Amino acid sequence: MQRLTAEQVTLAYDQRVIAENLSVEIPDNSFTVIVGPNACGKSTLLRALSRMLRPTRGRVLLDGQAIHALPARKVARTLGLLPQSSVAPDGITVADLVARGRYPHQGLLRQWSPQDERIVQESMAATGVRELGERYVDELSGGQRQRVWIAMALAQQTPLLLLDEPTTFLDIQHQLEVLDLCADLHESQGRTLVAVLHDLNQAARYATHLIALRDGRVVAEGPPGDVVTAELVEHVFRVRSQIIEDPESGTPLVVPVARARGAKAA
Amino acid sequence: MTAPTTTSADTATRSVRALRTPGGLSVRVDPRAALVTVLVGAAAVAVGVVLIGSGDYPLSFGQVVDTLLGNGTAAQEFVVRDLRLPRALVAVLVGASLALSGAIFQSLSRNPLGSPDVIGFSHGASVGALSVIVLSGGSALTVSLGAVAGGLATGALVYTLAWRRGVHGLRLVLVGIGVAAMLSAVIHFLVTKANLVDATRATLWMTGSLDGRDWAQVGPLALVLAVLVPVTLVHGRPLRMLEMGDDAAYALGVPLERTRIVLIGCGVLFIAVATGAAGPIAFVALSAPQLARRLTRAPGPNLAAAAVMGAALLLAADWIATEAFPGRQLPVGVVTGVLGGCYLLWLLVTERRAGRL
């Protein structure tokens, strides 16, 4: 049994049901990416897996226990989340913000151990923000800020890390930077990563395990090489395409079919 | 156990240091914030001594200190110990309560305008206290209890209207301003219903005043704060986490609802007991946490610095109220109202410029 699973969950915001009877397993030590069209429920699923959203039916299990029944602090030592929207408090420095990732490991009289200090340093080094330590978070660029938030999640030192659309609002260079960083974390630190991504080609390149959602249902899951086919892309995204081999990475590359000439002329 | 050792936190955290004991215990200290707290605290003590020396029977700084140390004449003893010291202590406790309430709500709403005197909590406490004055002409204690009941009821109302599914700072401020307006109407209604004696007492009470406060007020106030202050300080760390948004705080293991309920409860009680003791003193809750924040330059609610700032502000305001027009004592609420109004204008203009309003 995998560490993080969803068992027949029904996910809804108030009365609006997003997914029913959805079951998902996150393979241990994988870099799992959830893909699907807008409003397919991918962010909702990630919110449920990270216990931000309580399923109306079914349950999410972390190490075999219902995640909503576990104390918030205990979960926070095992499972980290990079939310889509976080607010950097006014006038906070990068190092201060990253240090907050140590919160679940600290107590009223154990606020700042040498270990905390070391881990914060390592997290900043791993995300390349170490030299920004004294800067204020408000004055950073979008890409730098995202790396700072990732550093905070890293400082939490959780074996499982969930990222909700970590590349949104970033330009292509910073998108790749963030994804390379995720891949490094997965490969060198052996963490299990789960991310929601919009770009199918990026997902195919970086993921070791892909979950394709449509209308709140899992349409396909598995390694990108097996999952990403022209039929699947048409079924999930309603886009006709050719699948070729990515000349850089050997992973599947989705090339959408051009509009027919006749259609263009008309 | 040997003495705590101080280690500088390397480059990790600008000026923040950790105090550690060999037992593995550690406390984070921001030296600037600690210094600000100590200096403002010292200023509060100095202003307090000056305040005690002011009035119809003036005493010099040295005389007040001597008397406080037990070396005064019988007359000085009477004036200092029985008349003015309790009044100054009430000012300290009320000022600190107002500031802590302000710091809590401004932090929870992530908005400097999310202060209990703007968003209706002090109005609620006033309605409770006035109801007691007008309907039963009750004692000081029952008036205080009325203020607490009114404050808690308003807290529950605003929570229901604005706090469901997480705080949106602006929504809280807008709902709170609406509630405050309605409660103001209730306050006016209560005053019109009162007979002349009660109406006079109510109007005086509404200004916010420290006149005639004695040891009978100090005791209960100190007792309540002895419970509330530690509870609040313990929740200061999760409160800092909440400022990053509900998702980020929950992901870091902060139990959201429990933390919020405890802090709202403390914040409402702070404003309610302060209002019960001295009437609705305006603007200390709004300005003290912001001044503390500007001086410490530290993110987060800065609870300790805010508390001493509130005490210092109210002592200073009471001194101005005593000295501004010789021979004629103003209610302290008039002074904080005038000073705080200027501050509010400035705040509205800067918030508007920063696009937060």
Side-chain angles (χ1 to χ4, degrees), chain A residues 13-14 47 50-52 71-77 79-114 116-121 124 130-131 133-137 149 152-153 156 158 162 164, chain B residues 7-21 23-30 107 110-112 165-166 169 230 233-259 290 293-294 296-302 354 356:
Chain A
Y13 291 111
D14 290 326
R47 288 183 67 77
S50 60
R51 84 197 183 303
M52 298 291 142
R73 200 179 177 63
K74 196 176 163 197
V75 175
R77 292 195 206 116
L79 183 146
L81 169 73
L82 181 74
Q84 226 179 87
S85 59
S86 305
V87 193
D90 283 340
I92 194 168
T93 61
V94 168
D96 263 346
L97 189 66
V98 176
R100 292 190 173 190
R102 296 302 297 156
Y103 181 79
H105 303 275
Q106 297 168 334
L108 191 58
L109 294 175
R110 217 172 272 273
Q111 297 182 354
W112 197 235
S113 68
D116 291 332
E117 207 162 301
R118 183 177 52 76
I119 290 167
V120 166
Q121 288 296 320
M124 294 205 299
R130 195 169 178 157
E131 65 283 4
E134 311 297 302
R135 298 268 301 275
Y136 289 109
V137 176
W149 284 107
M152 188 187 93
Q156 208 174 331
T158 54
L162 278 51
D164 195 357
Chain B
T7 30
S8 99
D10 193 23
T11 54
T13 37
R14 60 179 186 135
S15 55
V16 178
R17 277 154 208 271
L19 286 174
R20 297 195 179 113
T21 67
L25 301 184
S26 56
V27 179
R28 287 190 83 176
V29 182
D30 182 334
S107 177
R110 299 181 205 111
N111 191 322
R165 285 200 270 144
L233 291 181
V234 165
H235 284 80
R237 292 175 60 250
L239 180 58
R240 289 191 338 155
M241 299 294 142
L242 279 176
E243 286 188 352
M244 294 187 290
D246 282 5
D247 283 0
Y250 193 37
L252 286 170
V254 176
L256 296 180
E257 285 314 308
R258 200 185 74 204
T259 308
Q290 293 297 316
R293 198 169 189 146
R294 265 159 234 277
T296 59
R297 292 206 203 128
N302 282 301
R356 282 193 292 259

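In what follows, every chain begins at residue 1, and chains take the letters A, B, ... in the order their sequences are listed. Since the structure is predicted, the reported quantities are computational estimates derived from the model, not experimental observations.
- For the pair A:Arg130 (side chain) and A:Met124 (backbone), a donor-acceptor distance under 3.5 Å is absent.
- Most heavy-atom pairs under 4.5 Å with chain B: of the set A:Gln84, A:His105, A:Gln156, A:Met52, this distinction falls to A:Met52.
- Taking the side chain to side chain donor-acceptor pair (under 3.5 Å) definition, one finds that A:Arg110 meets it with nothing, sequence neighbours left out.
- Partners of B:Asp247 according to the salt bridge (Lys or Arg N to Asp or Glu O under 4.0 Å) rule, which considers only residues two or more places apart in sequence or in another chain, are A:Arg47.
- Note: A:Gln106 leads A:Arg77, A:Arg102, A:Lys74, A:Gln106 in heavy-atom pairs under 4.5 Å with chain B.
- Contact of A:Ser50 with chain B is not made at all, since no heavy-atom distance falls under 4.5 Å.
- Interface residue A:Leu79: only backbone heavy atoms are found under 4.5 Å from chain B.
- Contact of the B:Tyr250 side chain with the A:Arg51 side chain is registered, since non-hydrogen atoms from C-beta on lie closer than 4.5 Å.
- The pair A:Glu117-B:Arg20 meets the salt-bridge criterion, with a side-chain N (NZ, NE, NH1 or NH2) lying under 4.0 Å from an Asp/Glu carboxylate O.
- Interface remark: A:Pro114 contributes backbone and side-chain atoms alike to the contact with chain B (heavy atom separation under 4.5 Å).
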